Amino acid sequence: MNKQEFYAALTASNLDNHKPRFEELMKDTIRYHLTQIHDYNDVPIGGSRIGGTPDLPEHISWPADNQGNPLSFIAQLNLQEIKPFDTYHVLPDTGYLYFFYDANQAMGGYSMEEKHLFRVLYFDGPQEELRCPDFPASLSAQFGACSLTCETQVSMPFRRSKALSFLSAEEKDVYKEKVWREVESNKTLGYADILQGEMEEFCQIVTHKDFTGNFKQFDEPEYAAVMADAKDWLLLLQVDSNEADASMMWADMGRLYFWIRKQDLEKKNFDDCWCVLQDM
């Protein structure tokens, strides 16, 4: 929703006395609206889309896992289309981002050993170099193609976040049921629409060289500086279970989340992104 809709929902739910607190927390997000593609001739090559097949330059091969199995194509973002909605001015001005994920959905994001099960690729070259590669014959997980249109909306923290502790238990119920209701959501930047738990610290721990599966290890004082840097993780792309439009289903009505550190985004380094799958 946009700011006006959010404020109207607060007023209608008798929560507008908390408006200043909500304003402090609010972050902009780039929301994507999906339109099914029935004929690729109807859309420009390199256009932003979820599902279908990617428009890759010839020198970039369709990515595969470490066993040679091709990854499923999830989305491509034309950054020139999206940049006008980037109110934080952190995305590259030009280029194309491509997102791929394990066809068997075996990656939850809990170990660096899973890193070969997803890929984020970046190409900053002319549209004329883009081609639509053949769909890999051994890849069964193909999703319906949908073009994307963008809108700047607001995002808020997870409803069980400590950041919303200023709400009483009764107010939290009202907020959940009448203000911030769960809807299908595909987006970039802002807060993730979480299904299980907040992911910034999760990404920081899982990708750290000392992580061996013990999350509590990072509660120790020697990791305080490491954990302080969890704030640097940004939501690069959230992809919902777009079942109706794209025939996607992530586990049990889940979502895919692709994350990147702001320092890597500044350097246009997409090799160290992280991917997380959460479901209901």
Side-chain angles (χ1 to χ4, degrees), residues 1-7 22-23 25-37 43-44 46-52 54-55 73-101 118 120-124 143 145-158 180-195 198-200 203 231-242 245-246 248 250 255-270 273-276 278:
M1 63 179 69
N2 59 38
K3 288 183 180 180
Q4 292 71 27
E5 292 168 337
F6 181 76
Y7 294 148
F22 282 115
E23 286 182 331
L25 296 172
M26 189 180 293
K27 289 183 180 180
D28 287 346
T29 189
I30 304 170
R31 176 82 180 276
Y32 302 118
H33 300 286
L34 279 60
T35 301
Q36 289 182 329
I37 297 172
V43 294
S48 298
R49 73 172 65 110
I50 281 177
D55 299 324
F73 170 65
I74 307 303
Q76 74 180 26
L77 300 180
N78 182 327
L79 292 168
Q80 216 165 1
E81 295 176 348
I82 293 165
K83 188 64 180 180
F85 303 89
D86 173 18
T87 60
Y88 298 111
H89 310 292
V90 294
L91 297 173
D93 293 334
T94 58
Y96 304 86
L97 284 174
Y98 306 90
F99 299 82
F100 294 82
Y101 175 73
F118 82 97
V120 179
L121 305 176
Y122 177 61
F123 171 66
D124 191 12
F143 306 109
C146 297
S147 61
L148 305 180
T149 54
C150 305
E151 180 185 8
T152 301
Q153 293 192 352
V154 298
S155 64
M156 295 297 295
F158 186 38
W180 203 261
R181 290 170 290 183
E182 280 292 330
V183 295
E184 188 175 274
S185 182
N186 304 274
K187 61 198 291 189
T188 290
L189 300 177
Y191 295 104
D193 296 318
I194 291 166
L195 297 175
E198 293 171 316
M199 284 169 274
E200 290 87 343
C203 291
K231 67 183 185 304
D232 294 337
W233 287 92
L234 302 175
L235 180 65
L236 189 59
L237 180 64
Q238 172 183 302
V239 182
D240 215 317
S241 283
N242 301 295
D245 290 321
M248 285 180 170
W250 308 119
R255 292 178 178 136
L256 285 181
Y257 308 86
F258 295 86
W259 294 87
I260 188 170
R261 293 180 180 89
K262 66 179 182 181
Q263 299 92 331
D264 289 328
L265 187 55
E266 290 170 358
K267 298 174 185 176
K268 302 179 184 179
N269 169 29
F270 297 93
C273 293
W274 194 243
C275 179
V276 180
Q278 291 188 350

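All figures in this text were calculated on a predicted structure; none of them were measured in a lab.
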Quiz prompt | Glu81 side chain to Tyr96 side chain, donor-acceptor N/O pair below 3.5 angstrom | solution = no

Is there a donor-acceptor pair under 3.5 Å between the side chain of [X] and the backbone N or O of [Y]?
| X | Y | result |
| --- | --- | --- |
| Asp55 | Gly46 | yes |
| Ser48 | Asn78 | yes |
| Tyr88 | Lys27 | no |
| Tyr191 | Leu25 | yes |
| Gln36 | Asp245 | yes |
| Gln238 | Ala192 | no |
| Asp86 | Leu91 | yes |

Between [Y] and [X], is there a side-chain heavy-atom distance shorter than 4.5 Å?
| X | Y | value |
| --- | --- | --- |
| Leu189 | Asp28 | no |
| Phe22 | Met156 | yes |
| Ile50 | Met248 | yes |
| Asp193 | Trp180 | yes |
| Leu236 | Cys273 | yes |
| Phe99 | Leu77 | yes |
| Gln153 | Lys187 | no |
| Lys262 | Val90 | no |

What's the spacing between [X] [atom1] and [Y] [atom2] if we round to 0.5 Å?
| X | Y | atom1 | atom2 | answer |
| --- | --- | --- | --- | --- |
| Ile30 | Leu148 | CD1 | CG | 11.5 Å |
| Asn242 | Glu184 | CG | CD | 4.0 Å |
| Met199 | Cys275 | CE | SG | 10.0 Å |
| Leu234 | Cys203 | CG | SG | 10.5 Å |
| Thr29 | Met1 | OG1 | CE | 13.0 Å |
| Leu265 | Trp259 | CG | CH2 | 13.0 Å |

Quiz item: Around atom NZ of Lys3, are there more than 12 heavy atoms of other residues, nucleotides or ligands at under 6.0 Å?
Solution: no

Practice problem: Run the salt-bridge test on Arg261 and Asp232 with the 4.0 Å N-O cut-off and return the result as yes or no. | Solution: no

Quiz item: Would Phe143 and Trp250 count as a close aromatic pair, with their ring centres under 6.0 Å?
Solution: yes

Exercise. Kindly state whether the ring of Trp274 and the ring of Tyr257 have centres lying under 6.0 angstrom apart.
Key: no

Quiz item: Angle class for the Tyr122/Phe270 ring planes (parallel below 30°, perpendicular above 60°, tilted otherwise)?
Solution: tilted

Test side-chain hydrogen bond (donor to acceptor under 3.5 Å, both in side chains) applied to [X] - qualifying residues, sequence neighbours left out:
| X | answer |
| --- | --- |
| Tyr32 | Thr188 |
| Asp240 | Arg255 |
| Ser147 | none |

I need the minimum non-hydrogen distance between [X] and [Y], along with the two atoms involved.
| X | Y | answer |
| --- | --- | --- |
| Phe73 | Gly51 | CE2-O, 3.1 Å |
| Lys268 | Pro92 | CE-CB, 4.0 Å |
| Asp93 | Lys83 | OD1-CE, 3.0 Å |
| Ser155 | Gly190 | OG-CA, 3.5 Å |

